[in-house]
Amino acid sequence: MGVSTSDIRRLAKKIGGDADLAEALWLSEFVEAKALAILVLPRSRVDDALITRWLADIGDWSTCDLFVKSLIAKRKDAVEYGVKWAANSDLYTKRAGLALIANYCMRATSYDDEVASQIGGTIEEAASDDRDHVRQACCWALREFGKSNSNSHETACRLALELTQSDEVPKSWVGRCAYRELQNLVKVPERRRLVSRESKTGMKQVK
């Protein structure tokens with residue numbers, strides 16, 4: 001209990017992949033044990049059945065976010081999972097969907113029209129949820145989508161502004177939250193994604 005994430009990562013690296021240990025740790029009630037379980041689970045053991053089973057046991061945002069980042073974000077079906085989970089009413093299943101979309105967007109530099117539409121539509125739909133851990137993840141997903149490239153930035157800004165005009169408090173909050181960062185992004189040649197104009201790199205670009 002109380003072990004930092006960096007220490008858990010070092011321990012996981014020392015242990016290496018161990019499926020049996022991961023399964024045993026996952027049964028623990030402690031967040032730190034579940035984090036170690038995620039990090040030592042061999043990626044070859046991550047299939048649909050395990051994903052479904054472990055997701056059902058998640059009861060906090062940190063485990064949720066580490067779970068999708070470490071085990072699912074690099075999968076080819078990441079967006080499919082994200083869209084499906086974000087439509088679920090369960091708190092951490094929904095958060096997992098949005099966190100997964102955010103992590104997927106952090107790695108993507110372009111989207112085909114269908115994927116971009118799925119991401120935008122999922123964020124817009126989820127933005128009506130007034131639970132803190134959902135709306136925060138919704139804002140996160142929208143911001144990361146907007147950082148990927150100039151086209152997705154324009155789409156994300158437009159969606160954020162539309163959300164700010166909503167009569168639904170959660171939607172307007174998500175819109176304001178996302179737009180605060182989106183409006184300050186700039187494209188820098190040496191960077192894969194857009195960066196804040198207020199960062200050192202961004203300030204050099206706008207001079």
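Counting begins at 1 with the first residue of the sequence. Small disclaimer: the values here were computed from a predicted structure and weren't measured. Note: hydrogens, waters and symmetry copies are ignored here, and every other heavy atom, side chains too, is used.
- Summarising the geometry, atom CD1 belonging to I15 is positioned 5.5 Å from atom CG belonging to L21; distances are rounded to the nearest 0.5 Å.
- Side chain to side chain, S148 and Y111 meet the donor-acceptor criterion of an N or O pair below 3.5 Å.
- Residue R193 comes nearest to C105 through the heavy atom pair NH2-O, 3.3 Å, listed as atom of the first residue, atom of the second, then distance.
- Heavy atoms only, all atoms of each residue included: L66 and L39 are closest at CD1-CD2, 4.3 Å.
- Residues passing the side-chain hydrogen bond (donor to acceptor under 3.5 Å, both in side chains) test with S70, sequence neighbours excluded: none.
- In this structure, the side chains of V195 and V186 come closer than 4.5 Å at one or more pairs of heavy atoms.
- The two residues V40 and A22 come nearest to each other via the heavy atoms CG2-CB, 3.8 Å.
- Side-chain contact between V31 and S62: present, with at least one pair of heavy atoms (C-beta onward) separated by less than 4.5 Å.
- Residues satisfying the ring-ring contact (aromatic ring centres under 6.0 Å, His included) test with W140, not counting sequence neighbours, are none.
- Using a 4.5 Å cut-off on side-chain heavy atoms (C-beta onward), D65 and R95 make contact.
- Note on V46: it clusters hydrophobically with Y81, by side-chain heavy-atom contacts below 4.5 Å among ILVMFWY residues.
- Residues A19 and R45 approach most closely at CB-NH1, 3.1 Å, considering heavy atoms.
- Both I51 and I38 are part of a single hydrophobic cluster, where members link through side-chain heavy atoms under 4.5 Å apart.
- In the hydrophobic clustering of this structure, Y179 does not group with L98; members are Ile, Leu, Val, Met, Phe, Trp, Tyr whose side-chain heavy atoms approach within less than 4.5 Å, directly or through other members.
- Rounding to the nearest 0.5 angstrom, the gap separating the CD1 atom in I123 from the CD atom in Q118 is 12.0 Å.
- Between the CG atom in N103 and the CZ atom in F67 there is a gap of 12.0 Å [rounded to 0.5 Å].
- In this structure, L55 is a member of the same hydrophobic cluster as I72, with clusters built from ILVMFWY side-chain heavy atoms closer than 4.5 Å.
- Once rounded to the nearest 0.5 Å, the distance linking OG1 of T63 with CH2 of W26 reads 6.0 Å.
- Annotation for D48 and R75: closest pair OD1-NH2, 3.3 Å, computed over non-hydrogen atoms.
- Taking the side-chain contact (heavy atoms from CB on, under 4.5 Å) definition, one finds that L50 meets it with E23, L41, D47, R53, W54, sequence neighbours left out.
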Please set out all donor-acceptor pairs under 3.5 angstrom arising from side-chain atoms of residues 159-168, sequence neighbours excluded.
unit_1 : atom_1 : unit_2 : atom_2 : d
T164   : OG1    : L161   : O      : 2.5
S166   : OG     : E168   : N      : 3.0

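- The CG atom of L182 lies 12.5 Å from the CZ atom of R158; values are rounded to the nearest 0.5 Å.
- Put simply, NZ on K171 and CZ on R135 are 14.5 Å apart, with the number rounded to the nearest 0.5 Å.
- By the 4.5 Å heavy-atom criterion applied to side chains, I8 and L36 are counted as neighbours.
- Following chains of ILVMFWY side-chain contacts shorter than 4.5 Å, one can reach L185 starting from V174, so the two form part of one hydrophobic cluster.
- Applying the salt bridge (Lys or Arg N to Asp or Glu O under 4.0 Å) rule to E125 yields no partners; only residues at least two apart in sequence or on another chain are considered.
- Here R176 pairs with nothing under the salt bridge (Lys or Arg N to Asp or Glu O under 4.0 Å) rule; sequence neighbours left out.
- The environment of CD in E154 is sparse: at most 12 heavy-atom neighbours from other residues, nucleotides or ligands sit within 6.0 Å.
- Counting only heavy atoms from C-beta outward, the side chains of R43 and L71 approach each other to under 4.5 Å.
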